[in-house]
Amino acid sequence: RGRRTAERRNGQIVRRRSSVESAAVAGVVYAIAASVALLMLLDYPRPELSDAEIEAWFADAGNRWRVLAALNVGTLAAIAFLWFVGVLRNRIGDREDRVFGTVFYGSAIIHAMLWIAALAALAAIPSAIELFDASVRVDSGAVGATGGFAAALLFVAGPKVQALFVMSTSTIFLRTSTAPSWLAFVGYGFGGVLFAVPFVARPIGLGFPLWVLVASVTVFVTRKVDDRVDPTRSP
C-alpha cells in the first residue's frame with residue numbers, strides 16, 4: 001500500500017510539473033507574440049496625415065498584409081494567454097480563493113476579447129480592401145474612426161483590465177505561495193501604474209506582456225514549491 005501511495009504521489013508531481021511547464025511555455029509564447037503584434041503596428045498611419053498619404057499607405061500591399069499578419073499573431077497571443085491562465089489556475093487547484101479566482105479568470109477573458117477586438121478594428125480597412133479590392137475609399141476619417149476605436153481599447157480600457165488581472169494574480173500568488181512574494185509586490189506596483197495612467201502608450205504598453213513573461217519564467221523556476229502535493233487529493 002505504501003508503494004502504491006508513493007507511486008500515486010510521484011504521478012501527481014509529474015503531472016503538476018508538466019502543467020507548470022505548459023503554463024510557462026504558454027506565457028512565453030503570449031509575451032513574444034503580443035510584443036511582435038504591437039511592434040508590427042507601430043507605423044500604422046495616423047489620422048492627421050493627408051488623405052493622399054493615407055491612401056498611398058494602404059495602397060501598399062506590404063503594409064496591408066503586415067496589419068493582417070499582426071491580427072493573426074495577436075490572435076495566437078490571445079489563445080496562448082488563455083492557455084497560460086487555464087494551466088496556472090489548474091496548478092493553484094484547491095488553494096484558489098473563489099473571489100480572487102473569479103476576478104483573475106474573468107479579467108483574463110475580458111483582456112483577450114478587448115485585445116482581439118482592437119486588432120480587428122485596425123485590420124478592418126486592410127481586410128475591406130482585400131475583400132472588395134480597390135472599391136474601398138480610405139481617408140483620414142476612416143482611419144480616425146477605426147484607429148481611435150482600437151486605441152481606446154488598447155490604451156484606455158485594456159490597461160485597466162490588465163491592472164485588475166495583474167493585481168488579482170498577485171494576490172493569489174501571495175495567498176497560495178505559488179510564486180515568490182517579490183513577484184506579487186512587483187505586480188501590485190505595476191497594476192497601480194496601469195490604473196493611474198489615463199492613457200497607456202508605449203513603452204508602458206509593452207509592460208503587460210513583459211510581466212506575463214517574468215511571471216511565467218518565475219513560476220517555472222520555482223515549481224518545486226508545487227511538489228508538496230497532498231496525497232489525499234484525487235489525481
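For the single chain, residues carry numbers from 1 onward in sequence order.
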If hydrophobic clusters are built by linking Ile, Leu, Val, Met, Phe, Trp and Tyr wherever their side-chain heavy atoms come under 4.5 Å apart, do Val161 and Leu38 end up in the same one? no
Which pairs would a plain distance check flag for residues 148-156, meaning a side-chain donor or acceptor within less than 3.5 Å of a matching protein atom at least two apart in sequence or in another chain?
none

Test item: Arg66 side-chain N/O and Leu41 main-chain N/O as donor-acceptor pair under 3.5 Å: no
Describe, in one word, how the ring planes of Phe208 and Trp211 are oriented to each other, choosing from parallel (under 30°), tilted (30 to 60°) and perpendicular (over 60°). parallel
Roughly how far, to the nearest 0.5 Å, is OG of Ser140 from CG of Leu49? 9.0 Å
In this structure, are over 12 heavy atoms from other groups packed under 6.0 Å from Trp83 atom CH2? no
Shortest non-hydrogen pair, Val29 vs Ala80, comes out as CG1-CB, 3.8 Å
Does the Asn72 side chain pair with the main chain of Leu68, one donor and one acceptor, at a distance under 3.5 Å? yes
Going from CZ on Phe173 to OG1 on Thr218, what distance comes out if it is rounded to the nearest 0.5 angstrom? 8.5 Å
Shared hydrophobic cluster, Ile32 / Ile79 (ILVMFWY, side-chain heavy atoms < 4.5 Å): no
Among all residues two or more places apart in sequence or in another chain, which pass the ring-ring contact (aromatic ring centres under 6.0 Å, His included) test with Tyr105? none
Side-chain contact test, heavy atoms from C-beta onward, threshold under 4.5 Å: evaluate it for Leu174 versus Tyr188 and give yes or no. yes
Side-chain donor-acceptor pairs of residues 111-128 under 3.5 Å, sequence neighbours excluded:
{"from": "His111", "atom 1": "NE2", "to": "Tyr30", "atom 2": "OH", "distance (Å)": "3.2"}
{"from": "Trp115", "atom 1": "NE1", "to": "Gly74", "atom 2": "O", "distance (Å)": "2.8"}
{"from": "Ser127", "atom 1": "OG", "to": "Ala123", "atom 2": "O", "distance (Å)": "2.7"}

Rounded to the nearest 0.5 Å, how far does CG of Leu76 lie from CZ of Phe81? 14.0 Å
Rounded at 0.5 Å granularity, tell me how far CZ in Phe104 sits from CE in Met167. 15.5 Å
Check: Ser170 and Val166 side chains under 4.5 Å, non-hydrogen atoms: yes
Judged by atom type as modelled, is there a donor-acceptor pair below 3.5 Å linking the side chain of Asn63 to the main-chain atoms of Phe58? no
Out of curiosity, Leu194 CG to Leu164 CG, how far, rounded to the nearest 0.5 Å? 11.0 Å
Provide the closest heavy-atom pair for Glu130 versus Trp65 in the form atom of the first, atom of the second, distance. OE2-NE1, 3.6 Å
Which value, rounded to the nearest 0.5 Å, describes the distance between Trp57 atom CH2 and Asp43 atom CG? 5.5 Å
Smallest heavy-atom separation, Asp60 atom then Gly62 atom, equals OD1-N, 2.8 Å
Look at the side-chain heavy atoms of Ile, Leu, Val, Met, Phe, Trp and Tyr, link any pair under 4.5 Å apart, and say whether Phe195 and Phe185 land in one connected group. yes
Give me the atom names and distance for the closest heavy-atom approach of Gly27 to Ser216. CA-OG, 3.1 Å
